J.: 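I'd like to ask some things about the structure below.
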Amino acid sequence: MRIAVTYENGNVFQHFGHTEQFKLYDVENGKIAVTNIVNTNGSGHGALAGLLSEMKVDALICGGIGAGAQTALAEVGIRLYGGVSGSVDKAVNDLLAGNLKFNADIQCSHHGHGHQCAGHSCGENKHGCIGNGGGCQ
């Protein structure tokens, strides 16, 4: 099994479509066997699903993610665990232990800049919605 996590400085990056790196985890017999950090090389939004598919990713852990990207991931058979924050290593270990707290209804449906989402600025700092029931305020 291969798990990808949106990655920035050891933490889950909060806007799937703007992630510059993924940390990949190859899992064998329920344990992490190999990790690797890969660059997206400027791929964004819909192209990222194709990139993950080419890398033979089975599951994605991320923060905010839009409906179009969710659909693209589903079409290539990648399971989504959205609305996650904090350490990427902890998130993967929690997933493997069956303890990952994620938001199955995550959705960030905006691409504007400068408005507030769940107490943080979306767009300006490349952050997406990580909760609030998937809705932005």
Side-chain angles (χ1 to χ4, degrees):
M1 168 186 224
R2 178 169 277 176
I3 302 168
V5 186
T6 54
Y7 182 82
E8 183 178 60
N9 299 321
N11 290 308
V12 178
F13 186 68
Q14 293 302 303
H15 195 299
F16 172 78
H18 291 276
T19 193
E20 295 179 8
Q21 296 180 313
F22 289 105
K23 186 166 183 181
L24 301 179
Y25 297 80
D26 289 331
V27 177
E28 296 174 10
N29 300 317
K31 296 186 188 281
I32 298 168
V34 178
T35 66
N36 189 25
I37 297 172
V38 297
N39 291 319
T40 63
N41 297 319
S43 297
H45 292 93
L48 289 174
L51 178 67
L52 292 172
S53 179
E54 288 173 13
M55 292 188 289
K56 303 200 182 313
V57 168
D58 300 296
L60 169 71
I61 298 172
C62 67
I65 185 167
Q70 289 180 33
T71 299
L73 290 168
E75 287 174 354
V76 294
I78 297 174
R79 286 173 298 202
L80 173 63
Y81 300 91
V84 178
S85 61
S87 162
V88 292
D89 293 338
K90 182 177 183 325
V92 170
N93 284 314
D94 286 349
L95 176 63
L96 295 176
N99 298 324
L100 182 65
K101 292 181 178 29
F102 66 97
N103 183 347
D105 298 319
I106 189 72
Q107 184 172 335
C108 200
S109 59
H110 64 277
H111 289 95
H113 295 274
H115 64 276
Q116 293 292 314
C117 261
H120 65 270
S121 175
C122 293
E124 292 175 349
N125 296 317
K126 296 197 279 186
H127 290 284
C129 297
I130 62 167
N132 193 28
C136 301
Q137 297 177 344

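Remember, predicted model here, so these are calculated numbers, not experimental data.
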J.: Mind listing the closest non-hydrogen atom pair of Thr40 and Thr19 along with its distance?
T.: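 Distance-wise, the nearest heavy atoms are OG1-O, 3.1 Å.
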J.: Quick one: closest heavy-atom pair of Leu80 and Cys62, and the distance?
T.: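 Minimum heavy-atom contact is CD1-SG, 3.7 Å.
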J.: Just jot down the side-chain contact (heavy atoms from CB on, under 4.5 Å) partners of Lys90, sequence neighbours excluded, or say none.
T.: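 Residues passing side-chain contact (heavy atoms from CB on, under 4.5 Å) with Lys90: Ser87, Asp94.
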J.: Rounded to the nearest 0.5 Å, how far apart are CG of Leu60 and CZ of Phe16?
T.: 5.5 Å
J.: So which atom in Met55 and which in Phe22 form the shortest heavy-atom distance, rounded to 0.1 Å?
T.: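 The answer is CE-CD1, 4.5 Å.
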J.: Step by step, work out the side chain to side chain contact (heavy atoms under 4.5 Å, CB included) result for Glu20 and Phe13.
T.: CA-CA 9 Å; Glu20 295 179 8; Phe13 186 68; over 6 Å; no
J.: Hey, does Tyr25 have a side-chain heavy atom less than 4.5 Å from the side chain of Val88?
T.: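 Answer yes - side chains close enough.
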J.: Nearest 0.5 Å please: distance from the NE2 atom of His15 over to the OG1 atom of Thr6.
T.: 11.0 Å
J.: Looking only at non-hydrogen atoms, find the nearest pair between Ile78 and Ala49 and report the distance.
T.: CD1-O, 4.3 Å
J.: List in chain and number order the residues that pass salt bridge (Lys or Arg N to Asp or Glu O under 4.0 Å) with Asp26, two or more places apart in sequence or in another chain; answer none if no residue qualifies.
T.: Arg2
J.: Against Leu24, only a single residue in Val57, Ile3, Val5, Val34 fulfils side-chain contact (heavy atoms from CB on, under 4.5 Å); can you say which?
T.: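 In the set Val57, Ile3, Val5, Val34, the residue that makes a side-chain contact (heavy atoms from CB on, under 4.5 Å) with Leu24 is Val57.
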J.: Minimum heavy-atom separation for Ile65 to Gln70, with atom names?
T.: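 Heavy-atom minimum between the residues: O-NE2, 3.4 Å.
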J.: Which residue pairs pass the ring-ring contact (aromatic ring centres under 6.0 Å, His included) test with at least one member in residues 49-99, sequence neighbours excluded?
T.: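 Counting only pairs at least two positions apart or across chains, the ring-ring contact (aromatic ring centres under 6.0 Å, His included) contacts touching residues 49-99 are Tyr81-Phe102.
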J.: Write out all pairs satisfying side chain to side chain donor-acceptor pair (under 3.5 Å) with one or both partners inside residues 48-68, taking only residues at least two apart or from two chains.
T.: none
J.: By side-chain contact (heavy atoms from CB on, under 4.5 Å), which residues pair with Gln21, not counting sequence neighbours?
T.: Tyr7, Ile37, Asn39
J.: Could you walk me through whether Asn99 and Asn93 satisfy the side chain to side chain contact (heavy atoms under 4.5 Å, CB included) test, starting with their C-alpha distance in whole Å, then the side-chain angles of each, then the deciding distance to 0.1 Å, before giving a yes or no?
T.: CA-CA 8 Å; Asn99 298 324; Asn93 284 314; over 6 Å; no
J.: Can you find a pair of side-chain heavy atoms, one from Val92 and one from Lys23, that are under 4.5 Å apart?
T.: no
J.: Specify the closest pair of heavy atoms between Leu100 and Val84, including all atoms of both residues, with the distance to one decimal.
T.: CD1-CG1, 4.1 Å
